[in-house]
Every structure is written in structure tokens, then in C-alpha cells.
Participant: 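Got a structure for you, questions after.
A quick note: this is a predicted structure, and the numbers were derived from the prediction, not measured.
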Amino acid sequence: MQLEKVLSVTELSHLISQTLEYQIPLFRVEGEISQITKASSGHYYFSIKDEFSAMSAVMFRGRAANLDFQPRQGDMVELRGKLSLFAARGSLQIQVDEMRRAGMGTLFERYLQILDKLKKEGLFDEARKLAIPAYPRRVGIITSLQAAALHDVLTTLRRRAPQFKVTIYPSLVQGAAAVDELLQALAQAQLRQEVDVILLVRGGGSLEDLWCFNDEHLARMIAASTIPIVSGVGHETDVTIADHVADLRAPTPTAAAELITKAAYALPTILRDFNQRIHRVMMQQLSERQGRFDELQPRLNRHVERILLDKSLRYEELRQRLVAPQRLLMHYEEQRLQLRQALERNRQNLFTNKHKLLEGLCLRLASRKPNIELEYDRLSQWRERLRRAIKQQLKAHQQLFEQQAQLLHNMNPKQILQRGFSIVYDAEGQVVRDAAKLRVDEALQLEFASGRAVVHVKSLHFKEH
């Protein structure tokens, strides 16, 4: 009698591991995380459970480094991995290769499909994106009136550029109806053409919360916008398709407001520096002119002194010739006064010329300042003309739309059913157009204007041609 081989515990453990790897390949499982622990080595140890069962699981550091979220107690997740035997304790566990939030897989795959499709069409190319105006006068904001992002953006605009005029286009930013409202808000902004730049903003959230900003129709409308659009959706780590297709992406709503006010916020500093430079140049020129004046004044005084000396010598000579001394003295005194007045006039003229030159420079500086009010009035006139033209076009398109809607309504097959007709479907749901393709006892469905009925073919009759 041959005895059965006695296995060691290690041999039994290896046998079980080999059997598990062969019999149960890679699989996916969904459940709730329980008793999760992150070791100092970077490994995650936890349990995955449902209503009736639980299993131990481990995700090693190399795989955990690829996670795009922090797994926590109570999270519903989808795991991809294989079964393994922890030989040291002889316990069965799931060795996890991938982890993602439960229910996120389909959304994320749809996100990647839309992203790849629009990228191939060139909607993300920088060459097609519009430049953001450095000094916008009117800013449009598309977001929810109850959103915290709206308060953050308005606070930033008031603090950095209070001269901006803000127009809000309210819209839902989460939920099933959000896409339609976002499209309507964008269409309204395009038709009215009353802002220079649009901020599309929303606070952070999960992939489901932000899903409306991944809509393909919304992305195409953003790409077709004639008004530059700055996207500030979510937090810095949240990237939606709207961020990719927008003309400029900001990491947060507040950052979006800061980006469009960057130039305006720095303008007072630039003007102050420019005024200081002009003042320095003017003072330098005045100093140079004053130095020149101070240089010429002694020469003029010496010249006057020489003239006075010559006149004095002449006076002495005439006095010596017994010419009326008092009259000669008065003559020289008059000449001295004339020369003194001439000197004063020269000094005054030099000062007046420099003052006029300074005033001319100031006028030239003032003339370069644009007439903002005049340009704003002209813009208002053009805006009013554009509004009237758009209103007329909208009315014409509305009439055409109503005509087409009525025509479509009349052609609706359901209207035929209202008149007593019905539609026959076979077992595969295909419309039956030829009785020759039917079989006796075959089950059919009849669709009426109100409800359906299931019937069976009892007999077949064909028209003779």
C-alpha cells in the first residue's frame, strides 16, 4: 500500500497560489472600502465588502502611485486584480493592480473619447484660440447665481479693477439641465455682443459634478465663440474639456478674474512711473537751463561793467573838457538803467521761454490721452444698431423656426396613428411592410396612438397581382 505524500505548509501554500493563478485570472470587483490603512512603505491594506461578504486586499506602492484620488473608508470603488495567498498567515487576499471610483469608469472613458475626438479635429490648437484683451471694459460671467465662485470672482474684480462693468449670464453648473442652460447663456452672450471677455466659472467637485463642462456640444460652442472665453472650472487639479477648448484656462475662478485684470491692475503703477520719469526729465532740463543761465549771467555782468567803465572814462574825458558834467552824468545813468532793464528783460524772456516749453510738453502729454467718453458713446451707438439688427434677425429666424416646427409636427408618424392607423412590428422590433415575410403563429406587436398590443398570426392572405 502506497502512502500519500505529506506536504509541508510552504509546499501547500505554493500549490494553492499556483492553483489560484491558473484557475482565477485577472478580474474586476466592485465594493465598499473598509478598514483601510496606508503603511509607511506606501502600501495600502484594506478590505472590500458588500452587504453579505468581505475580503482582504492590498495595493502595493508602485500601483498606488498611479491613483488620481485618495481612497478613504466607505468609498465605493472598482478594483482590478488577482487573488493571492499571503503565505505568512495563510490568508486569501486580492492583489490590486488598478482602483477607480465605482461608476466613474464609463464617465471617464466617455471623457477620453470626447477629448480624443475634439483634439483630432483641432479644437485644442492654440492657433485657433482668441487673444484675451488686456484692458476689457465689460466682463461677462457665466455661472450659477448661488455659486461661491461668483462671489469670489466679483470680489476679485472689485478689488483689482473696479472700473470694469460686469454682466452675469445665470446658468446651472451641475445636473442634467446644466448643459442646456450653459448653451443658452453662451448663445445669449454671443447674440448681445455686449462684453469683451467671458468668464466660465464654477467651484470644485467630482467628475459627476463637473460633467456638464465635458459636454461635446458645449465644447463646440465655446470653440465657435467670437468673444474670448476664459475657463475657471473647479480646482487646479480639475481639468475639463471646456478648459482645453477655451481661449485661456485658469486653475480656479479667482485666478480667472486675476488673469483678465492683470494689465489693468498694473496700469496705475505704470502711469505713476511714467509721470515720475517725465518729472525727472523736466527737472533735468530746467536744471540744465538754469546752469546755462547762471553761466551767462556773469559774462553779461562783465560786459555791462566794461560798457559802464567805458562810459565812465568817456564821462571823465568829457568832464575834463568842461562839458556839462551834470547832463553827462544823467546820460550815463539813463544808459545804465537801460542796460539793467535789458538784462532783466533777457532774464525774464529766458524764464518765459522755458516755462512755455514746459507747458508745451505738458499739453503734448495731455493730448495723447484718449477720449474714453467719446469712444464709449460711439461704441454705444454701434451696440444699439447691432441690437436692433440682431432683434430683426431673431424675429425672422423665429418665424422660420415655427414654420419648420409645424411642418415637422405634421410629418410626425405619430400623427398618423391619431387618425386610426397602427404600426406593425415583428418579434425583433422591425416594422412589417410585407405580409409575405410573416409566418402563422408568429407574435407581432401593434402600436396604436395610445398603447401597444401583442397579437399572433392566425392565417395569411395575399393579394393576387
Side-chain angles (χ1 to χ4, degrees), residues 30 32 68-69 72 74-78 100-119 121 123-124 140-154 167-192 198-225 227 229-246 249-253 256 394 397-398 401-402 404-405 408-409 412-414 429:
E30 180 178 297
E32 179 185 342
D68 59 356
F69 70 102
R72 294 183 176 85
D75 285 352
M76 291 297 297
V77 294
E78 181 181 314
R100 63 187 180 188
R101 294 187 178 93
M104 296 283 287
T106 303
L107 282 181
F108 188 69
E109 290 175 3
R110 178 59 180 160
Y111 168 83
L112 293 179
Q113 291 173 359
I114 298 174
L115 187 71
D116 183 64
K117 178 180 179 181
L118 299 183
K119 183 177 181 181
E121 294 181 17
L123 266 65
F124 303 160
I141 303 176
I142 298 179
T143 191
S144 171
L145 295 177
Q146 289 75 37
L150 178 61
H151 176 267
D152 295 340
V153 170
L154 292 177
T167 300
I168 300 175
Y169 303 96
S171 169
L172 292 176
V173 290
Q174 181 177 338
V179 173
D180 290 337
E181 292 204 11
L182 287 170
L183 291 173
Q184 183 178 357
L186 268 175
Q188 185 180 18
Q190 291 294 319
L191 288 174
R192 290 163 61 174
I198 296 174
L199 301 183
L200 180 63
V201 295
R202 185 211 189 278
S206 64
L207 180 60
E208 294 96 331
D209 295 339
L210 303 178
W211 185 249
C212 58
F213 294 95
N214 294 319
D215 183 76
E216 181 178 347
H217 298 293
L218 178 63
R220 295 187 182 279
M221 193 164 187
I222 293 174
S225 173
I227 303 174
I229 296 179
V230 179
S231 174
V233 178
H235 300 304
E236 189 167 358
T237 57
D238 299 324
V239 181
T240 65
I241 291 177
D243 291 324
H244 287 286
V245 77
R249 186 246 173 180
T252 63
L394 282 176
H397 285 297
Q398 180 68 26
F401 173 77
E402 292 175 354
Q404 297 295 329
L408 181 62
H409 177 75
N412 187 354
K414 300 295 183 180

Participant: Side chains of Glu30 and Val77: closer than 4.5 Å at any heavy-atom pair?
Facilitator: no
Participant: Could you grab the distance from atom CG of Asn214 to atom CZ of Arg110, nearest 0.5 Å is fine?
Facilitator: 10.0 Å
Participant: For residues Ala219 and Ile241, report the shortest heavy-atom separation together with the two atoms involved.
Facilitator: CB-CG2, 3.8 Å
Participant: Looking only at atom types and distance, does a side-chain atom of Asp243 sit under 3.5 Å from a main-chain N or O of Thr240, one as donor and one as acceptor?
Facilitator: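 Checked: pair present.
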Participant: Begin from the C-alpha positions of Val201 and Ile142 and carry the test side chain to side chain contact (heavy atoms under 4.5 Å, CB included) through to its verdict.
Facilitator: CA-CA 7 Å; Val201 295; Ile142 298 179; over 6 Å; no
Participant: Measuring from atom SG of Cys212 to atom CG of Leu172, what distance do you get when rounded to the nearest 0.5 angstrom?
Facilitator: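 One finds 8.5 Å between SG of Cys212 and CG of Leu172.
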Participant: Using side-chain heavy atoms (C-beta onward) and a distance below 4.5 Å, is Leu394 in contact with Leu191?
Facilitator: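 Leu394 reaches Leu191 side chain to side chain.
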Participant: Is the shortest heavy-atom distance from the side chain of Trp211 to the side chain of Val179 under 4.5 Å?
Facilitator: no
Participant: For Ala246 versus Ile229, what's the shortest heavy-atom pair and its separation?
Facilitator: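 Shortest heavy-atom contact: CB-O, 3.7 Å.
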Participant: Roughly how far apart are Arg249 CZ and Leu200 CG, rounded to 0.5 Å?
Facilitator: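 Output value for this atom pair is 12.5 Å.
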Participant: Side-chain contact test, heavy atoms from C-beta onward, threshold under 4.5 Å: evaluate it for Val173 versus Phe213 and give yes or no.
Facilitator: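 Heavy-atom side-chain distance check passes, below 4.5 Å.
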Participant: State whether the side chain of Arg202 and the backbone N or O of Val233 hold a donor-acceptor pair below 3.5 Å, judged by distance alone.
Facilitator: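 It does not hold such a pair.
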Participant: Check whether any side-chain heavy atom of Leu218 lies under 4.5 Å from a side-chain heavy atom of Leu186, and answer yes or no.
Facilitator: yes
Participant: From Glu78 CD over to Arg100 CZ, what is the distance, rounded to the nearest 0.5 angstrom?
Facilitator: 4.5 Å
Participant: With sequence neighbours left out, what residues match His217 under side-chain contact (heavy atoms from CB on, under 4.5 Å)?
Facilitator: Leu183, Asp215
Participant: Got a second to check how far Gln113's CD is from Leu118's CG, nearest 0.5 Å?
Facilitator: 11.5 Å
Participant: Answer whether the closest heavy-atom distance between the side chains of Leu199 and Val153 falls below 4.5 Å.
Facilitator: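 Yes - at least one pair of side-chain heavy atoms lies under 4.5 Å apart.
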Participant: Does any part of the side chain of Thr167, heavy atoms only, come nearer than 4.5 Å to the side chain of Arg192, both counted from C-beta?
Facilitator: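 Yes, close enough: below the 4.5 Å cut-off.
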Participant: Nearest 0.5 Å, please: how far is CG in Leu182 from OH in Tyr169?
Facilitator: 14.0 Å
Participant: Does a donor on one side chain sit under 3.5 Å from an acceptor on the other, for Ser171 and Gln184?
Facilitator: no
Participant: Pro253 and Ala149: which non-hydrogen atoms are nearest, and at how many Å?
Facilitator: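 So the two residues come closest at CG-CB, 3.7 Å.
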Participant: So that I can tick it off, tell me whether Glu121 and Arg220 are bridged by a salt bridge, with the cut-off set at under 4.0 angstrom between side-chain N and carboxylate O.
Facilitator: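 Yes, this pair counts.
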Participant: With a 4.5 Å cut-off on side-chain heavy atoms, are Val230 and Ile198 touching?
Facilitator: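 Not in contact.
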